[in-house]
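Dropping a structure here in structure tokens format, bear with me for questions.
In each ligand, atom 1 is the first atom listed, and ligand 1 is the first ligand listed. These values consider heavy atoms only, across backbone and side chains, with no hydrogens, waters or symmetry-generated copies.
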Amino acid sequence: MNHFLDIHTTDPADLRHMIDHARSMKDARKGQPKGTPDAEQPLKNHMVALIFEKPSTRTRVSFDVGVRQMGGQTLVLSGADMQLGHGESIADTARVLSRYVDMIMIRTFEESVLQELAEYASVPVINGLTNRTHPCQIMADVMTFEEHNGPIKGKKVVWTGDGNNVCASFLHAAGQFGFDFTFAGPPSLDPESEFIALARAQGINVTIERDAQKAVAGADLVVADTWVSMHDSQSTRQRRHNLLKPYQVNDHLMGQAKEDALFMHCLPAHRDEEVTSSVMDGPSSVIFDEAENRLHAQKAVMRWCLGV
Ligand code: CP
Ligand code: NVA
């Protein structure tokens with residue numbers, strides 16, 4: 001049994017296996033209605049709890065559909081409706097849920113909740129986003145890049161805007177998959193120094209660049225995310241917008257990247273804030289493939305967790 005808590009804590013060979021497995025599972029389903037069961041049913045007789053303490057569209061639907069395609073069943077739970085949201089301890093919740101279900105996916109606020117759940121659960125726990133990281137998203141992103149433009153190893157990935165949870169998992173992936181990572185944003189929103197140091201210690205070229213145009217020069221992939229995350233106070237909104245406006249991904253900025261550069265965004269996007277609609281709907285954008293690949297990548301993650 002394996003937990004999938006973060007990219008930097010998962011063995012690189014296992015990560016590579018999951019990406020390749022996801023691609024083969026995707027290929028095997030091509031052209032079939034979404035509800036068609038997979039030829040293999042590795043999650044037959046398995047029950048999976050999906051716990052959400054924050055809103056979600058992609059994570060909720062892709063995990064639910066993925067489990068069902070593999071023959072399992074799901075329980076989608078809102079943290080607020082559980083005793084967890086009313087004072088029951090995380091450790092007790094973990095031990096109780098482990099008696100009912102075979103795997104737990106959780107989207108929560110503090111990373112410590114995820115860690116404690118994993119410590120006390122006797123079934124695999126998957127990180128469906130915390131304030132600090134979003135590893136499932138980046139598995140889908142690596143898969144999407146490679147589907148379009150081949151191996152990500154040695155490529156230049158540029159993150160624009162806030163050095164947030166999704167950015168952190170991208171930095172972790174740089175270390176594990178071996179690609180260069182440039183952060184383009186203001187100093188107050190830099191990624192955590194611990195994560196930068198970790199990637200550098202793994203031999204990765206991590207660049208911090210305040211000038212977005214310079215940052216994007218020669219990029220193979222340009223990535224944006226919302227300027228204000230779910231865990232951020234809404235009162236920072238105006239300040240963030242003023243700070244981050246120079247990092248908006250627009251046609252001019254994409255023009256600095258390589259000709260075949262891709263654009264990604266984990267979604268939901270705020271059109272014409274962090275990225276213009278012209279880029280989102282333009283030829284470089286692979287945002288909907290990225291969203292689709294959440295499904296395939298997470299199916300591979302779940303199989304790895306259960307060893308099935
Ligand atoms: N990208 C992502 O995790 O989307 P949701 O918030 O809709 O799950
Ligand atoms: N950084 C965003 C990602 C949403 C999928 C957030 O945490 O709100």
Quiz item: Taking C-beta and beyond as the side chain, do Leu267 and Met280 meet within less than 4.5 Å on heavy atoms?
Solution: yes

Quiz prompt | Intermediate values then yes/no, side-chain contact (heavy atoms from CB on, under 4.5 Å), Asn164 and Met230 | solution = CA-CA 11 Å; Asn164 63 16; Met230 291 182 273; over 6 Å; no

Quiz item: Any side-chain donor paired with an acceptor under 3.5 Å for Thr108 and Glu53?
Solution: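 Yes, Glu53 and Thr108 have a side-chain donor paired with an acceptor closer than 3.5 Å.
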
Please tabulate protein-ligand N/O pairs under 3.5 Å for ligand 2, atom names and distances to 0.1 Å.
{"unit_1": "ligand 2", "atom_1": "1 (N)", "unit_2": "Asn164", "atom_2": "ND2", "d": "3.3"}
{"unit_1": "ligand 2", "atom_1": "1 (N)", "unit_2": "Asn165", "atom_2": "OD1", "d": "2.9"}
{"unit_1": "ligand 2", "atom_1": "1 (N)", "unit_2": "Asp225", "atom_2": "OD2", "d": "2.8"}
{"unit_1": "ligand 2", "atom_1": "1 (N)", "unit_2": "Ser229", "atom_2": "OG", "d": "2.7"}
{"unit_1": "ligand 2", "atom_1": "7 (O)", "unit_2": "Asn165", "atom_2": "ND2", "d": "2.8"}
{"unit_1": "ligand 2", "atom_1": "8 (O)", "unit_2": "Met230", "atom_2": "N", "d": "2.8"}

Quiz item: Does Val166 belong to the same Ile/Leu/Val/Met/Phe/Trp/Tyr cluster as Met143, with side-chain heavy atoms less than 4.5 Å apart forming each link?
Solution: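 Per the 4.5 Å side-chain linkage, Val166 and Met143 are co-clustered.
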
Quiz item: Taking the six-membered ring for Trp, are Phe170 and Phe179 parallel (under 30°), tilted (30 to 60°) or perpendicular (over 60°)?
Solution: perpendicular

Quiz item: Do the ring centers of Trp227 and His241 come within less than 6.0 Å of each other?
Solution: yes

Practice problem: Check step by step if side-chain contact (heavy atoms from CB on, under 4.5 Å) holds for Asn242 and Arg239. | Solution: CA-CA 5 Å; Asn242 295 338; Arg239 192 176 145 269; 5.7 Å; no

Quiz prompt | Candidate pair Ile287 and Phe263, rule side-chain contact (heavy atoms from CB on, under 4.5 Å), full reasoning | solution = CA-CA 7 Å; Ile287 54 175; Phe263 170 74; 4.0 Å; yes

Quiz prompt | Distance-only donor-acceptor check, side chains Gln115 and Glu110, under 3.5 Å | solution =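 Result is no, nothing qualifies.
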
List of N/O pairs, ligand 1 versus protein, all under 3.5 Å?
{"unit_1": "ligand 1", "atom_1": "1 (N)", "unit_2": "Gln137", "atom_2": "OE1", "d": "3.0"}
{"unit_1": "ligand 1", "atom_1": "1 (N)", "unit_2": "Cys266", "atom_2": "O", "d": "2.9"}
{"unit_1": "ligand 1", "atom_1": "1 (N)", "unit_2": "Leu267", "atom_2": "O", "d": "2.9"}
{"unit_1": "ligand 1", "atom_1": "1 (N)", "unit_2": "Arg294", "atom_2": "NH1", "d": "3.4"}
{"unit_1": "ligand 1", "atom_1": "3 (O)", "unit_2": "Thr59", "atom_2": "OG1", "d": "3.1"}
{"unit_1": "ligand 1", "atom_1": "3 (O)", "unit_2": "Arg107", "atom_2": "NH2", "d": "2.9"}
{"unit_1": "ligand 1", "atom_1": "3 (O)", "unit_2": "His134", "atom_2": "NE2", "d": "2.9"}
{"unit_1": "ligand 1", "atom_1": "3 (O)", "unit_2": "Arg294", "atom_2": "NH1", "d": "3.0"}
{"unit_1": "ligand 1", "atom_1": "4 (O)", "unit_2": "Arg58", "atom_2": "NE", "d": "2.8"}
{"unit_1": "ligand 1", "atom_1": "4 (O)", "unit_2": "Leu267", "atom_2": "O", "d": "3.4"}
{"unit_1": "ligand 1", "atom_1": "6 (O)", "unit_2": "Arg107", "atom_2": "NH1", "d": "2.8"}
{"unit_1": "ligand 1", "atom_1": "7 (O)", "unit_2": "Thr57", "atom_2": "N", "d": "2.7"}
{"unit_1": "ligand 1", "atom_1": "7 (O)", "unit_2": "Arg58", "atom_2": "N", "d": "2.8"}
{"unit_1": "ligand 1", "atom_1": "7 (O)", "unit_2": "Arg58", "atom_2": "NE", "d": "3.1"}
{"unit_1": "ligand 1", "atom_1": "7 (O)", "unit_2": "Arg58", "atom_2": "NH2", "d": "3.0"}
{"unit_1": "ligand 1", "atom_1": "8 (O)", "unit_2": "Ser56", "atom_2": "OG", "d": "2.6"}
{"unit_1": "ligand 1", "atom_1": "8 (O)", "unit_2": "Arg58", "atom_2": "N", "d": "3.4"}
{"unit_1": "ligand 1", "atom_1": "8 (O)", "unit_2": "Thr59", "atom_2": "N", "d": "2.9"}
{"unit_1": "ligand 1", "atom_1": "8 (O)", "unit_2": "Thr59", "atom_2": "OG1", "d": "2.7"}
{"unit_1": "ligand 1", "atom_1": "8 (O)", "unit_2": "Arg107", "atom_2": "NH1", "d": "3.4"}
{"unit_1": "ligand 1", "atom_1": "8 (O)", "unit_2": "Arg107", "atom_2": "NH2", "d": "3.2"}

